[in-house]
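Please read all numbers here as calculations on a predicted model, not as lab measurements. We use all heavy atoms of the structure for the numbers below, so side chains are in, but hydrogens, waters and symmetry mates are not. FYI, the numbering just counts along the sequence from 1.
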Amino acid sequence: MTTEGFPVATTPAPGIQGVDWEVRVDFERLRNYRLARTREALEASDLGALLLFETSNIRYVTATQIGYWAFNKGERYALITRTGRPRVFDFGSAAKAHRLQLPHLYDQGNSVGGNTGLQGAIHPRVGLQRRAAEEVRSILAEEGVADMPLGVDVAETSVFLELMGAGIDVRDGQQVMADAREIKSADEIMLLTQACAMVDGVYQDIFEALKPGVRESDIVSLAHARLFEMGSEFVEAINSIAGERCSPHPHVFSDRLIRPGDQAYFDIIHVFNGYRTFVVGRATTAQRDAFKRSREWMDAAIALVKPGVSTDRIAAVWPKAEEFGFADEMDAFGLQFGHGVGVSLHERPIITRLNSFVDPIEIKEGMLFALETYCPASDGRSAARIEEEIVVTAEGPQIITLFPCDELMVANEY
């Protein structure tokens with residue numbers, strides 16, 4: 001089975017329940033792999049430890065999470081040193097839950113309550129940030145890395161100030177975590193393929209539901225419901241764009257009614273994401289031409305994907321920003337776009353004309369990333385948006401998004 005001549009991945013996408021009669025995801029192996037990758041990246045750096053506040057980093061290292069509501073709050077944090085086991089600092093009740101849920105990994109010594117002020121809601125004069133910094137310094141000394149720099153990912157300014165005030169040499173830890181998360185294990189690839197299977201199903205539902213009088217927001221509601229029914233852990237966003245809102249891409253849905261002849265595209269982001277473009281009722285020549293060009297840019301990029309190729313070569317086959325109506329590459333960022341996916345939406349490699357010529361990244365076996373292309377139509381209102389998710393193998397690219405995307409599909413055609 002192929003898509004535009006490219007092989008479709010043979011990675012299995014089994015059901016998401018645990019069973020005794022089929023080999024599925026081995027979560028203990030997954031936890032061990034991610035921790036080993038983190039330790040390997042830490043050892044290769046000049047850091048003695050990593051202090052992590054970004055939720056996907058915390059989950060990658062500690063295998064703990066407390067739901068989507070914790071995203072972007074900066075409240076939970078984790079610490080891993082070169083010599084010690086991972087520690088998680090969480091809301092008190094959550095810290096206790098981790099000890100019950102993963103008793104072979106956590107106890108009262110490494111899953112404890114923590115608080116750094118709820119993004120300033122508790123003023124620094126209370127001393128919570130200072131307390132956290134002193135606690136971190138004490139652990140670094142206890143585990144023999146106090147004389148080495150501490151890598152931090154995305155902490156609040158007040159936390160940075162207290163860490164430095166405690167005499168800690170604070171460095172950028174996000175690059176170490178990016179290194180660790182770059183190559184996916186077989187279990188990660190299976191999980192991401194399962195996520196793709198859910199998205200493929202939602203696109204089928206969208207294709208069947210698209211008709212005049214349906215609102216963009218109705219499609220968002222449908223997609224949320226179906227994803228949760230299929231077992232999605234959380235839905236980060238559903239972008240639903242139609243008609244004159246297609247160009248330029250607004251990146252947010254509205255309550256606009258879809259009309260006959262509208263071009264429409266949808267971005268589904270739960271575990272990871274994908275775009276598909278449809279037309280409702282009928283398609284114009286301008287719409288078909290835009291889709292064809294977007295597909296050509298996509299295929300040219302996929303054809304280059306293999307170990308050893310650098311990302312600047314992929315970015316070079318995409319049009320310059322000025323060639324599709326934008327002032328410069330910053331203005332067009334995110335339209336001709338590649339990004340790694342894993343426990344978060346944007347991982348290495350990031351592939352665009354903005355950054356890839358300055359800092360090309362070598363493509364490696366085991367990477368999994370999305371490629372996205374966008375083409376405004378000549379009618380001044382429509383546009384095509386395509387995305388494919390790809391696993392890098394020794395033999396080249398394998399596509400794990402299976403819903404048809406070779407030609408512009410017309411929903412409820414007249």
Regarding [X] and [Y], is there a side-chain donor-to-acceptor distance under 3.5 Å anywhere?
X      : Y      : answer
Thr393 : Gln398 : no
Asn115 : Arg131 : no
Asp218 : Ser221 : no
Glu143 : Thr81  : yes
Asn57  : Gln174 : yes
Ser185 : Asp187 : no
Ser254 : Glu216 : yes
Arg76  : Thr64  : yes
Ser56  : Arg181 : yes
Ser310 : Glu362 : no
Ser232 : His270 : yes

Do [X] and [Y] have side chains that approach each other closer than 4.5 Å (heavy atoms only, starting at C-beta)?
X      : Y      : answer
Glu372 : Leu335 : no
Leu368 : Ile400 : yes
Trp297 : Val317 : no
Ile363 : Ile314 : yes
Ile183 : Met367 : yes
Thr116 : Glu156 : yes
Ile302 : Glu388 : yes
Val176 : Leu47  : yes

Would [X] and [Y] pass as an ion pair if we require N to O under 4.0 Å?
X      : Y      : result
Glu182 : Lys364 : yes
Arg171 : Asp46  : yes
Arg293 : Asp289 : no
Arg348 : Asp179 : yes

Examine distances only and state if a side-chain atom of [X] and a backbone atom of [Y] form a donor-acceptor pair shorter than 3.5 Å.
X      : Y      : result
Arg37  : Ala180 : yes
Asp200 : Phe403 : yes
Asp312 : Asp359 : no
Gln263 : Ala383 : yes
Asp262 : Ile258 : no
Ser240 : Phe266 : no
Asp267 : His251 : no

Assess Arg34 against Tyr60: is NZ or CZ under 6.0 Å from the centre of the six-membered ring, and within 45 degrees of the ring's axis? yes
Given salt bridge (charged side-chain N to carboxylate O under 4.0 Å, His left out), test Arg137 with Glu134 step by step and report yes or no. CA-CA 5 Å; Arg137 184 178 66 172; Glu134 293 293 343; 2.5 Å; yes
Trace of the side-chain contact (heavy atoms from CB on, under 4.5 Å) decision for Leu42 with Ser45: CA-CA 5 Å; Leu42 185 55; Ser45 75; 3.9 Å; yes
CA sep, side-chain torsions, deciding dist, call: Glu135, Phe89, side-chain contact (heavy atoms from CB on, under 4.5 Å): CA-CA 11 Å; Glu135 190 169 20; Phe89 302 81; 3.7 Å; yes
Looking at [X], I want to see if its [atom1] is surrounded by more than 12 non-hydrogen atoms of other residues, nucleotides or ligands under 6.0 Å.
X      : atom1 : answer
Arg313 : CZ    : no
Glu323 : CD    : yes
Glu43  : CD    : yes
Arg259 : CZ    : no
Arg29  : CZ    : yes
Arg24  : CZ    : yes

For a side-chain contact (heavy atoms from CB on, under 4.5 Å) check, start with the C-alpha distance between Lys320 and Phe326, then their side-chain angles and the critical distance, and finish with the verdict. CA-CA 9 Å; Lys320 296 178 180 178; Phe326 290 82; over 6 Å; no
Option passing side-chain contact (heavy atoms from CB on, under 4.5 Å) with Leu191 (candidates Val25, Ile16, Val343): Val25
Testing Asp153, Asp172, Leu52 one by one against Met177 for a side-chain contact (heavy atoms from CB on, under 4.5 Å), which residue passes?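 Of all the options given, the one that passes is Leu52.
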Any chance you could measure Leu79, atom CG, to Leu150, atom CG, to the nearest 0.5 Å?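 CG of Leu150 is found 7.0 Å from CG of Leu79.
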Go through the steps to decide whether Ser382 and Gln287 satisfy the test side-chain hydrogen bond (donor to acceptor under 3.5 Å, both in side chains), and finish with yes or no. CA-CA 6 Å; Ser382 305; Gln287 291 167 341; 3.3 Å; yes
Decide side-chain contact (heavy atoms from CB on, under 4.5 Å) for Val159 and Tyr77; before the verdict, give the C-alpha distance in whole Å, the side-chain angles of both, and the deciding distance to 0.1 Å. CA-CA 11 Å; Val159 174; Tyr77 54 102; over 6 Å; no
Salt bridge (charged side-chain N to carboxylate O under 4.0 Å, His left out) between Arg59 and Glu233, worked out: CA-CA 14 Å; Arg59 186 166 189 174; Glu233 185 176 299; 2.5 Å; yes
Go through the steps for Phe337 and His346 under the test ring-ring contact (aromatic ring centres under 6.0 Å, His included), then give the verdict. CA-CA 11 Å; Phe337 188 43; His346 294 135; 5.7 Å; yes
Given salt bridge (charged side-chain N to carboxylate O under 4.0 Å, His left out), test Glu347 with Lys184 step by step and report yes or no. CA-CA 11 Å; Glu347 299 188 356; Lys184 274 59 180 180; 2.7 Å; yes
Given Asp107 and Arg99, is the salt bridge (charged side-chain N to carboxylate O under 4.0 Å, His left out) satisfied, shown in steps? CA-CA 5 Å; Asp107 54 35; Arg99 301 195 296 267; over 6 Å; no
Between Phe228 and His224, what is the ring plane arrangement, given parallel below 30°, perpendicular above 60°, and tilted in between?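 If you compare the ring of Phe228 with that of His224, the planes turn out tilted.
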Whether Tyr374 and His249 hold their rings parallel, tilted or perpendicular, with breakpoints at 30° and 60°: parallel
If every non-hydrogen atom of Phe369 is compared with every non-hydrogen atom of Val305, which pair is closest and at what distance?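 Smallest interatomic distance, heavy atoms only, reads CZ-CG1, 3.8 Å.
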If you take all heavy atoms of Gln129 and Gly117, which pair is closest and at what distance?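 The answer is NE2-CA, 4.3 Å.
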